[in-house]
Novice: 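I have a structure I would like to understand better, so I am pasting it below and will then ask my questions one at a time.
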Amino acid sequence: MHTVGELLRQWRHHRRISQLDLAIAADVSARHVSLVETGKSNPSADMVLRLADQLDVPLRERNRLLLAAGFAPRYAERPSDAGAMSAAWDAVERVLRAHEPYPALVLDRRWNIVMTNRAVDPFFADVAPDLLRPPINMVRLGLDPRGLAPQIVNLAEARAALRTRIRRQLAIAPDAELTALYEELLAPDAEDASHPIDSEVVTSMIFRFGGRELRLFSTITTFGTPMDITLDEVAIESYYPADAETAAYFTKSATDARAAT
């Protein structure tokens with residue numbers, strides 16, 4: 001088991017921050033940071049969290065730092081149906097519903113789907129049933145030939161964009177399971193070629209669906225100041241139409257669905 005000093009040093013190196021820069025940011029002396037890292041000084045719980053905050057350490061790993069320093073964890077990991085979480089998840093559900101008729105879904109830190117709105121359902125209609133057994137992993141679902149891959153016109157470009165996103169995510173918060181998923185499905189190989197960046201502001205996902213091509217781009221929403229590990233590790237991915245034809249398709253689909261009911 002690593003000491004708290006070793007863990008803090010690992011995070012500092014990972015963030016490529018010097019002891020002096022960390023000390024200045026945390027308003028402590030560089031000597032104190034050095035003593036903590038070498039185990040010559042035992043930091044208080046508040047000092048551990050102060051340093052972790054400056055290093056942008058995820059809440060799950062902050063608990064690990066506290067345990068290594070001999071303190072109890074500060075951050076709970078409550079299930080989504082826990083009473084204390086109801087207000088937060090009500091807000092998430094409202095965001096998903098408000099985004100209709102366009103697709104939106106909630107992902108955890110390993111890209112497992114936690115929740116979706118109704119606009120997502122038609123895209124899953126032709127997916128192999130075993131890929132839809134919980135936990136449904138969005139990376140696997142998107143790249144598997146029995147999943148969404150046949151629907152994605154620009155699959156190579158979408159795969160490259162996904163590779164970049166997960167690389168950045170792992171650079172911020174290393175995770176063994178996500179790393180294994182990346183190496184299995186996204187590691188570059190001989191068939192990968194560079195994809196030119198066109199004149200668009202964002203990369204579109206182009207779906208062949210319902211006899212037409214739909215162009216979508218996405219935005220990501222996270223909780224601003226979570227104190228719970230579950231909330232700290234989820235993100236809402238909302239898709240928007242990238243052209244008028246795609247917007248018209250979703251508007252008509254929603255109108256037809258309401259008329260059918």
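Starting from 1, each residue takes its place in the sequence as its number.
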Novice: Please answer: with hydrophobic residues joined when any side-chain heavy atoms are less than 4.5 Å apart, are Leu143 and Leu107 in the same cluster?
Specialist: yes
Novice: By the salt bridge (Lys or Arg N to Asp or Glu O under 4.0 Å) test, which pairs, at least two apart or in different chains, include something from residues 23-36?
Specialist: none
Novice: Of all the heavy-atom pairs spanning Trp11 and Pro174, show the shortest one and how long it is.
Specialist: CH2-CD, 3.8 Å
Novice: Just to verify, what does Phe71 make a ring-ring contact (aromatic ring centres under 6.0 Å, His included) with, not counting sequence neighbours?
Specialist: none
Novice: Considering all heavy atoms of both residues, which atom of Ala104 and which atom of Val120 are nearest to each other, and what is their separation?
Specialist: O-CG2, 3.4 Å
Novice: Any salt bridge between Glu237 and Arg165, counting N to O under 4.0 Å?
Specialist: yes
Novice: A quick test of your reading: do over 12 heavy atoms of other residues, nucleotides or ligands sit less than 6.0 Å from CG of Asp126?
Specialist: no
Novice: Checking side-chain polar atoms at under 3.5 Å, does Thr230 have a donor or acceptor matched by the opposite partner on Glu77?
Specialist: no
Novice: Can you tell whether the side chains of Arg64 and Glu61 come within less than 4.0 Å, N to carboxylate O?
Specialist: yes
Novice: Examine Leu132 and Phe207 and state if one hydrophobic cluster contains both, with Ile, Leu, Val, Met, Phe, Trp and Tyr joined whenever side-chain heavy atoms are less than 4.5 Å apart.
Specialist: yes
Novice: Could you tell me whether the side chain of Asn154 and the main chain of Glu157 form a donor-acceptor pair under 3.5 Å?
Specialist: no
Novice: Determine the minimum heavy-atom distance between Leu181 and Asn137, stating which atoms define it.
Specialist: CD2-OD1, 3.5 Å
Novice: Which heavy atom in Arg9 sits nearest to a heavy atom in Glu37, and how many Å separate them?
Specialist: NH1-O, 2.9 Å
Novice: Before you tell me yes or no, could you show the steps for Trp89 and Val114 under side-chain contact (heavy atoms from CB on, under 4.5 Å), namely the whole-Å CA-CA distance, both residues' side-chain angles and the distance that decides it to 0.1 Å?
Specialist: CA-CA 11 Å; Trp89 285 106; Val114 178; 3.9 Å; yes
Novice: Using only atom types and a distance under 3.5 Å, with no angle test, would you say the side chain of Asp232 pairs donor to acceptor with the backbone of Leu59?
Specialist: yes
Novice: Would you mind writing out the side-chain donor-acceptor pairs for residues 47-58 within the sub-3.5 Å range, not counting sequence neighbours?
Specialist:
from: Arg50; atom 1: NH1; to: Ala26; atom 2: O; distance (Å): 3.1

Novice: Atom CG of Asp228 and atom CG of Leu231: how far apart are they, to the nearest 0.5 Å?
Specialist: 5.0 Å
Novice: What's the spacing between His32 NE2 and Gln19 CD if we round to 0.5 Å?
Specialist: 11.5 Å
Novice: Are Leu141 and Phe123 grouped together when hydrophobic residues (ILVMFWY) are joined by side-chain heavy atoms under 4.5 angstrom apart?
Specialist: yes
Novice: Under 3.5 Å, is there a donor on one side chain and an acceptor on the other for Asp21 and Ser18?
Specialist: yes
Novice: Any salt bridge between Arg215 and Glu245, counting N to O under 4.0 Å?
Specialist: no
Novice: Taking Arg94 first and then Asp90, would you say they form a salt bridge - that is, a charged N and a carboxylate O separated by under 4.0 Å?
Specialist: no
Novice: Looking at Arg146 and Asp144, does any basic side-chain N land under 4.0 Å from a carboxylate oxygen?
Specialist: yes
Novice: Is the side chain of His99 donor-acceptor paired with the backbone N or O of Ser238 at a distance under 3.5 Å, no angle test?
Specialist: no
Novice: Evaluate the salt bridge (charged side-chain N to carboxylate O under 4.0 Å, His left out) criterion for residues Asp175 and Arg110: first the C-alpha distance (whole Å), next the side-chain angles of each, then the deciding distance (0.1 Å), finally the verdict.
Specialist: CA-CA 8 Å; Asp175 180 271; Arg110 290 169 174 161; 3.0 Å; yes
Novice: For residues Tyr75 and Arg60, is any side-chain donor paired with an opposing acceptor at under 3.5 Å?
Specialist: no
